[in-house]
Undergrad: 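Starting off with a structure, shown below.
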Amino acid sequence: TTSGTPTGTRTQAAEGMTAGVSTDTVAAANDFDYVPLFRNTMVNGYLGEDGEFVETAVEGDLNFARDGSNGDVYSRFRLSFFRYVIDDEYEELQVTDTYRANEGWCPFGIFIKPDGKLREYAYIAAYEMGYNSEGLAASISGVPVAHNTYANRSSATGGLSHNTQRTEITKKGTQYCGMTTREVAFLQFLFYVEFATRNSQAIMQGATNFNSQVHPTVAENGVTRVIVSNANAAKFPVGCTVSVGIANPTNSSIDRGNGSMHGIINRRRVLSQEAYDDSNTALTIDTDDAFDTTTNCYISTMPWYTGITDGVKGSSGSYISASNAYYPMKYRGIENLYGNTWTIMSDVIISNYIPYICYDNSKYQNAPNDDYSTVGYTLCSTSGWVRETGYDAQHPSVRLATVVSGSSTTYYCDYYYISAGTNKELLFGGCIISGAYAGVSFWYADYAVSLVSWTFAARLSVSGQCGALIGG
């Protein structure tokens, strides 16, 4: 109520610190890289059947790999604690890795074991979920994001939902699940403190306005390229993912949920751009199979493959540009924390504007039951720009909108969608078509838990077995 400015004031040990974000060509200075609780470490590892994480390699080891040859890739964080200090004018966010008894500090939820004891480290998947060589859910570099139909991975129609995400991920092992709000809450908190703002897109745009569908300008047969105008070539940068197809024959829809829009090329990368003539550019597509194009078909942008930010010269930054909304971002080793695809939350379901959370992934359901806890506040019943978020001290990872009257440059600077009804899936972050709505505070609770979309994806999680913060 005092001010809508999203920019904060650094306090205590953060006074005088600066935080820059890098690109694949520029290494930015960032004082937080030298603060142990912010400094992440990239590791390979897996979740044991007992629910505890097993490291198999650390970045710098000869056997560390990002491509799946040594397993999944995670960003490791050390145990830390948070505290809110609130008065009539300010909400102060404080974080520490030093336990201070009886001073109001709480451990972040991802560090709490089911028995209430604390983990020394927490691990968050570095990449959006793809599939490994065995066809199982994975966090690895260089693969398409698993946003197509989970039951038919060659199909471009449909996508993952709250329900099918669980079915698909547990093929890897019942100890795994999709991303939880506990991981999001931890990363949000660090982000706000590190960059001293709630306006995440002012720091990194992310792949949030990468939404182009154009006709080729030249028809060709038996080629591995698409010819577009010079003006449109910039919309399909080298490395990006595209599909080529035709409008739905029944209703002429060019929505990318239509299989016909991927009938010629289904989610392949642009390898290069070369001049075709004075007015047009040839986009070479990563495929060994020649195809035909017409001037009536479409080339469409699609979510980027995983690993495009691997070359960023810092733990946080963007491929090519942090200010161009075509390009993916990463935060503390977590690629596309927001943007590219919506991330489905596995642990929370919304019913009649009430969030319900479950702390045991073996008990996740398609509707809340006795294994779910009711979060102690009611969500705002209308969609809009987030101004205030609710807080329940026993379930602090669920920070969703209770008041909407902000904007893209005030308060949380991100949008919130909601609709009436029961059993709504909770989506986070935004996708390639979200624009200014997207960011680290963007939530979507408008769809049933069964709804699928080409814009929805998942992130593998090893944090499905955590304890609740009772009496926090």
Undergrad: For Lys235, which residues count as a salt bridge (charged side-chain N to carboxylate O under 4.0 Å, His left out) partner, sequence neighbours excluded?
TA: none
Undergrad: Only counting residues at least two apart or in another chain, list the ones meeting salt bridge (charged side-chain N to carboxylate O under 4.0 Å, His left out) with Arg459.
TA: none
Undergrad: If I take atom CD1 from residue Ile264 and atom OG1 from residue Thr294, how far apart are they, to the nearest 0.5 angstrom?
TA: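 If I round to the nearest 0.5 Å, the distance is 6.0 Å.
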Undergrad: Can the positive tip of Arg119 be found less than 6.0 Å from the middle of the six-membered ring of Phe111, inside 45° of the ring normal?
TA: no
Undergrad: Please, which pairs that meet side-chain hydrogen bond (donor to acceptor under 3.5 Å, both in side chains) have at least one residue in residues 306-320, sequence neighbours excluded?
TA: Asp33-Ser315, Tyr127-Asp310, Ser141-Asp310, Thr309-Glu335, Ser315-Arg332
Undergrad: Specify the closest pair of heavy atoms between Pro6 and Thr409, including all atoms of both residues, with the distance to one decimal.
TA: CD-O, 3.4 Å
Undergrad: Run the numbers on Trp385 and Tyr437 for ring pair (Phe, Tyr, Trp, His ring centres under 6.0 Å), then give the verdict.
TA: CA-CA 8 Å; Trp385 294 96; Tyr437 285 6; 5.0 Å; yes
Undergrad: Which atom names give the shortest non-hydrogen contact between Asn44 and Ala65, and what distance separates them?
TA: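 Result for this residue pair: ND2-O, 2.7 Å.
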Undergrad: Can you name the residues that form a side chain to side chain contact (heavy atoms under 4.5 Å, CB included) with Asn361, not counting sequence neighbours?
TA: Cys177, Tyr364, Gln465
Undergrad: What pairs with Tyr192 under ring pair (Phe, Tyr, Trp, His ring centres under 6.0 Å), at least two apart in sequence or on another chain?
TA: none
Undergrad: Just wondering, more than 12 heavy atoms not from Lys363 lying within 6.0 Å of its NZ?
TA: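 No, NZ of Lys363 has 12 or fewer neighbouring heavy atoms, counting only those of other groups under 6.0 Å.
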Undergrad: Considering non-hydrogen atoms only, spot the tightest contact between Ala125 and Leu460 and give its length.
TA: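 Smallest heavy-atom distance, with atoms named: CB-O, 3.1 Å.
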Undergrad: Quick one: list whatever passes side chain to side chain contact (heavy atoms under 4.5 Å, CB included) with Val54, sequence neighbours left out.
TA: Tyr46
Undergrad: Got a second to check how far His147's NE2 is from Ile344's CD1, nearest 0.5 Å?
TA: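 That separation rounds to 12.0 Å.
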Undergrad: Would you call the rings of Tyr123 and Phe53 parallel, tilted or perpendicular, taking 30° and 60° as the class edges?
TA: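 Geometry flag for Phe53 against Tyr123: parallel rings.
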Undergrad: Closest heavy-atom contact between Ala436 and Gln201?
TA: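 So the two residues come closest at O-OE1, 3.1 Å.
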Undergrad: List in chain and number order the residues that pass ring pair (Phe, Tyr, Trp, His ring centres under 6.0 Å) with Tyr176, two or more places apart in sequence or in another chain; answer none if no residue qualifies.
TA: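 Ring pair (Phe, Tyr, Trp, His ring centres under 6.0 Å) list for Tyr176, sorted by chain: empty.
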Undergrad: On a heavy-atom basis, which atom in Arg387 and which in Ser405 lie closest, and how many Å separate them?
TA: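 Arg387 and Ser405 have their closest heavy atoms at CD-OG, 2.9 Å.
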Undergrad: Are any side-chain N or O atoms of Asn336 and backbone N or O atoms of Asn340, one a donor and one an acceptor, separated by less than 3.5 Å?
TA: no
Undergrad: So which atom in Ile349 and which in Gln365 form the shortest heavy-atom distance, rounded to 0.1 Å?
TA: CD1-O, 3.4 Å
Undergrad: Donor-acceptor pair, distance only, cut-off 3.5 Å: does the side chain of Ser243 make one with the backbone of Arg267?
TA: yes
Undergrad: Return yes if some donor-acceptor pair links the side-chain N/O of Arg256 with the main-chain N/O of Thr301 below 3.5 Å, else return no.
TA: yes
Undergrad: Please tell me if the side chains of Lys424 and Val449 come closer than 4.5 Å, counting only heavy atoms from C-beta onward.
TA: no
Undergrad: For the side chain of Asp61 and the backbone of Val58, is there at least one donor-acceptor N/O pair under 3.5 Å apart?
TA: yes
Undergrad: Side chains of Tyr298 and His215: does their closest heavy-atom pair fall under 4.5 Å?
TA: yes
Undergrad: Take His395 and Tyr359, measure what side-chain hydrogen bond (donor to acceptor under 3.5 Å, both in side chains) needs, and give me the verdict at the end.
TA: CA-CA 10 Å; His395 308 290; Tyr359 291 90; 2.7 Å; yes
Undergrad: What do you reckon, is CG of Asp288 surrounded by more than 12 foreign heavy atoms closer than 6.0 Å?
TA: no
Undergrad: Name all residues meeting the salt bridge (charged side-chain N to carboxylate O under 4.0 Å, His left out) criterion together with Arg78; count only those two or more places apart in sequence or in a different chain, and write none if there are none.
TA: Asp97
Undergrad: If you look only at pairs with a residue in residues 396-418, which of them pass as a salt bridge (charged side-chain N to carboxylate O under 4.0 Å, His left out), with sequence neighbours excluded?
TA: Glu91-Arg399
Undergrad: Could you measure the distance from the OH atom of Tyr121 to the OG atom of Ser75? Nearest 0.5 Å is fine.
TA: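 Reported to 0.5 Å precision, the distance equals 12.5 Å.
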Undergrad: With sequence neighbours excluded, what pairs up with Ile354 under the side chain to side chain contact (heavy atoms under 4.5 Å, CB included) test?
TA: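 For Ile354, the residues satisfying side chain to side chain contact (heavy atoms under 4.5 Å, CB included) (neighbours in sequence not counted) are Tyr356, Thr374, Thr378.
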Undergrad: Got a sec, which residues hit side chain to side chain donor-acceptor pair (under 3.5 Å) with Thr41, two or more places apart in sequence or on another chain?
TA: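 Once residues adjacent in sequence are excluded, Thr41 has no partner under the side chain to side chain donor-acceptor pair (under 3.5 Å) criterion.
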Undergrad: Should the pair Asp72-Lys172 be classified as a salt bridge under the 4.0 Å nitrogen-to-oxygen rule?
TA: yes
Undergrad: Could you tell me which residues satisfy side chain to side chain contact (heavy atoms under 4.5 Å, CB included) with Pro216, sequence neighbours excluded, listed by chain and number?
TA: Val226, Cys297
Undergrad: Can a donor-acceptor pair be found between the side chains of Glu168 and Tyr131 at a distance below 3.5 Å?
TA: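 Yes, because at least one side-chain N or O of Glu168 sits under 3.5 Å from a partner of the opposite role on Tyr131.
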Undergrad: Over 60° means perpendicular and under 30° means parallel, so classify the ring planes of Phe442 and Trp342, tilted if in between.
TA: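 Correct class here is tilted.
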Undergrad: For Tyr84 and Phe82, take the angle between the two ring planes, folded into 0 to 90°, and tell me which bin it lands in: parallel under 30, tilted 30 to 60, perpendicular over 60.
TA: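 Rings of Tyr84 and Phe82: perpendicular, over 60°.
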